[in-house]
Structure formats: structure tokens, C-alpha cells
Amino acid sequence: MLDIHRLREDPIGIEKRLQSRDPSIDLTEILELDEKRLSLIQQVEERKAERNRGSQEVGRLKKDGKDTTKLIASLSSLAEEIAHLDDELKQVSARIDHLLALLPNVPHPSVPVGAKEEKVVLRSYKESPLFDFPIKHHLEIGEEKGILDFGRAATIAGARFPMYVGMGARLEMALIQFMFFYHVKNGYIPVIPPFLANSESFFVASQLPKFADDVYYCEKDDLYLNPTAESILVNLHRGEILSLEDLPLNYVAYTPCFRREAGTYGEDERGLIRVHQFNKVEMFKFTAQETSYSELDQIVADAEGVLQALGIHYRVTLLSTQDMAQQSSKTIDLEVYLPGQGRYYEVSSCSNCEDFQARRGNTRYRPAAFQKPLYVHTLNGSGLATSRLLAAILENNQMKDGRVRIPEVLKETVGAEFI
RNA sequence: GGAGGGGUGGGCGAGCGGACGAAACCACCGGUCUUGAAAACCGGCGAGCCGUAGGGCUCCGCGGGUUCGAAUCCCGCCCCCUCCGCCA
């Protein structure tokens with residue numbers, strides 16, 4: 001949620017920056033309503049002050065045993081007037097809130113302007129491996145070895161639900177465990193949160209109202225299934241005033257993630273690339289305002305650390321304005337290379353949402369004793385998303401003899417060197 | 001799911017139709033005293049919104065209602081605690 005004051009102060013500048021994300025954005029209505037709202041506030045508050053004075057007078061008169069019927073009658077009609085104005089004010093405010101809730105965050109000046117293709121590759125790690133034999137798609141490897149069973153998963157749940165079996169399940173679990181403890185060792189507070197959340201939580205996360213169709217919803221209990229732990233963790237300090245000494249607060253959570261992924265998929269998203277359910281270890285930071293961009297670098301570095309430990313070639317990209325999630329000001333992705341299809345896939349997305357979510361969740365901190373509380377900045381970063389990571393391991397580590405090499409750091413947990 | 005009790009400022013907790021944005025205590029900040037600190041004493045200390053300002057409005061879990069006036073009364077919902085039921 002953007003600050004209406006910010007729109008008021010620089011309507012043209014903010015509108016221009018928002019249009020770099022979505023050219024159809026138009027702030028005219030919201031600004032008009034804002035003016036109307038301010039004038040209504042003044043009118044209604046003036047009358048309320050009058051009512052309060054009158055009501056106190058009633059108390060005094062009654063105490064002195066004097067007649068109050070006349071005064072009460074006039075206050076009665078004043079109360080009616082107030083009720084009307086309050087109604088109007090409520091309607092105008094609700095409309096403003098609705099329009100405001102649909103607006104994306106203001107992009108950071110360093111974010112490249114434009115469509116998806118405008119993203120910038122910042123750096124990369126290792127080279128993509130060279131193979132002197134015909135390479136296989138991870139789905140082929142998975143089915144051959146009986147470690148991925150999409151067929152039976154479809155019987156149980158439907159298309160695009162993965163099922164890991166045997167070595168597949170062992171490798172997936174080992175990855176989750178390795179990543180979780182990797183971040184714990186780096187000082188992140190480990191959390192296993194609820195996997196379902198209410199609508200208020202999803203509003204704070206900015207999943208609602210705009211992206212309701214992307215998530216699974218249990219109507220009977222009015223609960224949503226977690227699409228990313230970001231949606232859950234951002235609510236961890238809702239309504240709280242944190243103390244500066246506690247910042248940054250760093251959390252790491254493991255959750256399965258559920259996404260409806262309604263719509264069509266291309267051939268290049270077969271297998272584990274785009275599924276309704278996947279596992280993810282997520283980092284989340286609540287920071288002071290001045291440090292959020294250095295913390296963004298840190299969260300990216302922590303995510304990269306996992307890929308480096310696994311020894312997988314990847315690249316780091318800076319997303320363009322039109323490719324970022326609504327709540328983000330700046331997003332940096334990590335992409336692994338899948339030789340089976342000769343292209344890169346996102347395994348981590350690290351964002352600084354500045355105060356966009358904190359404003360919705362009313363999460364603040366006091367910069368110093370007796371100073372006004374400020375909104376925290378919230379950052380999220382996958383560290384990392386594993387169905388795609390498992391696919392990356394299967395494809396990158398395949399060998400001429402058909403076996404797949406287990407990364408050094410996972411050998412012990414998996415209990416094998418090769419699949 | 002059923003019965004009862006409860007949700008008040010950073011914490012604890014009083015208030016249960018007007019004098020209450022809210023006592024007391026703790027925490028915190030400033031001062032006096034002290035070589036310094038502690039103790040003691042004095043003072044300060046919630047948040048949001050509107051207004052150039054003086055000032056005003058709103059907030060006692062959330063949402064409605066009654067009333068000239070609601071933390072206080074009524075209705076609905078949420079959460080916590082105790083007991084019962086069910087259950088991995």
C-alpha cells in the first residue's frame with residue numbers, strides 16, 4: 001500500500017514511475033477523492049467538536065438540576081448531520097483504499113524500465129557444463145529411474161502435482177534440510193509457520209485483492225493455502241512496534257508452496273518447472289529503512305551461497321519494472337541453467353518491498369526513544385525453491401553412464417553418491 | 001463442537017454511562033544529588049488523522065447498535081484461558 005501523502009506531494013512524479021510498471025495507471029480519480037475526503041473530514045470534525053462541547057454542557061446542566069430538553073433536541077439534529085457526513089466519508093475512504101490497494105509499489109530508481117526482456121544480467125557463477133553425450137530432460141531421468149511419478153500423482157490429485165519416490169524423495173528432503181540449516185548457521189531464526197492463512201494476512205502480503213485467482217482457497221474455513229512463505233512471514237509482526245536493537249530481524253522458513261497456476265503452459269515448462277506444489281526455504285527480513293538495500297545484497301548473497309555449495313552454474317539478474325511482483329521496489333533473481341532444455345530458470349527471487357507491506361501490516365520500529373515509530377522495510381528471498389533445484393541437479397549432474405552425481409554436501413543425508 | 005471466564009497504553013493492571021486518552025506500579029527518558037554509578041527525589045513518557053498555527057477529531061480485540069454523550073449498556077464476530085467432548 002502506497003502512502004497517500006506521497007501521492008499528494010508528487011502526483012506527477014509518482015504517476016510516471018508507476019506507469020513504468022503499468023502504463024494504464026491513472027491517479028486522477030484517487031487524487032480527486034483525496035481532496036474530497038480532506039474537506040469532508042474538516043466538515044465532520046467541526047461538527048463533532050460542537051457536539052462534544054454540547055454533550056459536556058448537558059452533563060453540567062443536569063448536575064445543576066436545570067432543563068436540558070432544548071439543548072438535547074439541537075444536539076440530536078446535529079448527531080443526524082454527523083451521521084450523514086460520516087457515511088459519505090466512509091464511502092469515499094473505502095473507494096480510496098480500494099484504488100490504493102490495486103497500485104503497485106514505486107520502483108527503485110536503479111530498476112531498468114520496461115518489459116520482461118529489459119532485465120539485466122549482473123553476474124554469473126561457473127560455466128554451464130559441457131557434455132560429450134546426448135543429455136536428457138529431468139523428466140526423462142526421473143521416470144527412467146522411478147524417482148519422479150507424475151502419473152500416479154495425477155491419479156491422486158491431478159495434473160502438475162509432483163510426486164517424489166525413493167531416491168527422489170531422499171534428494172528432495174536432503175535439499176530442504178541442507179538449505180534450512182545453511183541459513184540457520186548464517187543467523188536466520190528458523191520458523192515452521194502455519195501453511196494456511198486468513199484473508200487479512202494475504203492482504204498484508206499483497207496477494208489480495210489483486211491476485212486472488214493465483215492461490216488455493218478453502219471456502220468453508222475462509223483460509224488460503226500458502227503460495228510462498230513470504231505471504232505468511234510478512235505477518236509475523238503485524239501491528240507491532242519493534243525496537244531498533246532487534247533489527248534486522250532475519251527469519252528462515254520451510255514451507256510447501258501451493259499455486260493454482262491457472263492458464264496454459266508451454267512445452268518448456270514440463271516436469272518440475274511449473275507445478276501446483278513445490279517446496280521452498282524462504283528468507284525474510286524486517287529491517288530499518290536505511291539498511292534495507294544493503295540487506296537486499298545480503299539476502300542475495302545468502303541465496304547464492306546455497307547454489308555455490310551445490311556447485312551449480314547460475315546467473316544473477318536484475319528484474320525490470322514490468323517483471324516485478326506488485327509489492328516489490330527492486331527484485332534480483334537467481335537463475336540456474338538447465339542443460340536439458342538449454343535455458344535458465346528462476347530458483348530464487350529476492351525483493352525489497354520497502355514499506356509497502358509494512359504499511360498494510362502496520363509493522364513499525366522506533367528509531368530512538370520518544371521518536372515517532374517508522375515503518376520497517378520488508379525483504380524476502382527464496383533460499384531456494386526446490387522442485388526446480390532438484391531438476392537442475394538431475395540435469396546438470398547427469399553422467400555419460402546414465403547415473404546422476406549427488407552434490408558433495410548432500411551425500412551424507414541422501415545416503416548415496418549416485419542415483 | 002458445548003459450558004464458563006477474559007481481551008484496556010512498551011509491560012502489568014484499575015476503571016464498568018458525562019469530570020477518562022484513561023489511576024497505580026514497572027520499564028524508559030530528562031533533571032537534582034554524587035568523583036562516577038546506584039538509591040532517593042522531581043519532571044516527562046501511547047498511536048493515527050486534519051489544520052500554516054492556536055487547536056480539533058478518532059482509537060480501550062474487531063464490526064454494528066442504543067444515547068445529547070460509550071472503555072463502560074446491547075448484538076454479531078475473532079482471539080486467549082479453564083472445564084467437557086473429539087482426535088494425530
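Lettering follows sequence order; numbering is per chain, from 1. Reckoned from all heavy atoms, side chains included, excluding hydrogens, waters and symmetry mates.
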Quick test of your reading of the model: are A/Arg47 and A/Glu50 salt-bridged, counting only N-O distances below 4.0 Å?
no
Using the P atom on both, measure B/rC80 against B/rG44 and round to a whole Å.
39 Å
Select base, sugar-phosphate, or nothing to describe what A/Arg60 touches, counting heavy atoms under 4.0 Å on all strands.
nothing
Treating A/Asn226 as the side-chain partner and A/Pro256 as the backbone partner, does any N or O pair qualify as donor plus acceptor under 3.5 Å?
yes
B/rU58 P sits how many Å from A/Arg37 CZ, rounded?
15 Å
B/rG56 base to A/Glu45 side chain: any donor-acceptor pair below 3.5 Å?
yes
When you check the gap from the basic side-chain N to the acidic O, do A/Arg8 and A/Asp34 get nearer than 4.0 Å?
yes
Regarding A/Asp302 and A/Gln298, do their side chains bring together a donor and an acceptor under 3.5 Å, going by distance alone?
yes
Looking only at atom P, what distance separates B/rG61 and B/rG21, rounded to whole Å?
16 Å
Checking A/Arg388 against A/Phe278: charged group under 6.0 Å from the ring centre and within 45 degrees of the axis?
no
For B/rG21, give the paired nucleotide (Watson-Crick: N1-N3 plus N6-O4 or O6-N4; G-U: N1-O2 and O6-N3; both under 3.5 Å), or none.
none
If each of A/Ser76 and A/Gln56 is mapped to the nucleotide of RNA chain B with the nearest heavy atom, which maps nearer the 5' terminus, i.e. the 5' end?
A/Gln56
Using the C1' atom in both, what is the distance from B/rG69 to B/rC28, to the nearest Å?
36 Å
Under 3.5 Å for both donor-acceptor distances, Watson-Crick or wobble: does B/rG43 have a partner, and if so which one?
B/rC29
Say we look at B/rC62 and B/rC79: how far apart would their C1' atoms be, to the nearest angstrom?
10 Å
Does B/rA14 have a Watson-Crick or wobble mate here (both distances under 3.5 Å), and if so which one?
none
C1' spacing across the pair B/rC49 / B/rG36, given as an integer number of angstrom
46 Å
Interatomic distance at P, B/rG5 relative to B/rU58, whole Å
32 Å
Mapping A/Arg366 and A/Lys90 to their closest nucleotides on RNA chain B, which lands nearer the 5' end?
A/Arg366
Here the distance between atom C1' of B/rG46 and atom CD of A/Glu240, to the nearest Å, is 16 Å
Take atom CG of A/Asn52 and atom P of B/rA19, then tell me their distance rounded to the nearest Å.
11 Å
Give one of base, sugar-phosphate or nothing for A/Arg364, where a contact means two heavy atoms less than 4.0 Å apart.
sugar-phosphate
Atom CD of A/Glu35 to atom C1' of B/rC50: distance rounded to whole Å?
15 Å
Check every strand shown and say whether A/Arg359 touches a base, only sugar-phosphate, or nothing at a heavy-atom separation below 4.0 Å.
nothing
Under a 3.5 Å cut-off for both distances, is B/rC60 Watson-Crick or wobble paired, and to whom?
none
Could you work out the separation of B/rG76 and B/rU82 based on their C1' atoms and round it to a whole Å?
24 Å
Pairing partner (Watson-Crick or G-U wobble, both distances under 3.5 angstrom) of B/rG4:
B/rC81
In whole angstroms, the gap separating P of B/rG48 from CD1 of A/Ile4 amounts to 18 Å
A/Asp221 CG - B/rC78 P separation (whole Å):
11 Å
Distance-only, no hydrogens or angles: does the A/His183 side chain make a donor-acceptor pair with backbone N or O of A/Met283 under 3.5 Å?
no
With the side chain of A/Arg51 defined as its heavy atoms from C-beta on, choose the nearest nucleotide among B/rG56, B/rG69, B/rG51.
B/rG69
For A/Gln357 and A/Thr378, does a side-chain donor sit closer than 3.5 Å to a side-chain acceptor?
yes
Which of B/rC68, B/rG48, B/rU58 is nearest the side chain of A/Pro373? It is B/rG48
Which nucleotide, if any, forms a Watson-Crick or G-U wobble pair with B/rU66, using both distances under 3.5 Å?
none
Same-atom distance (P) from B/rU66 to B/rA71, integer angstrom
16 Å
Indicate whether OP1 or OP2 belonging to B/rC50 is found under 4.0 Å from a side-chain N or O atom of A/His5.
yes
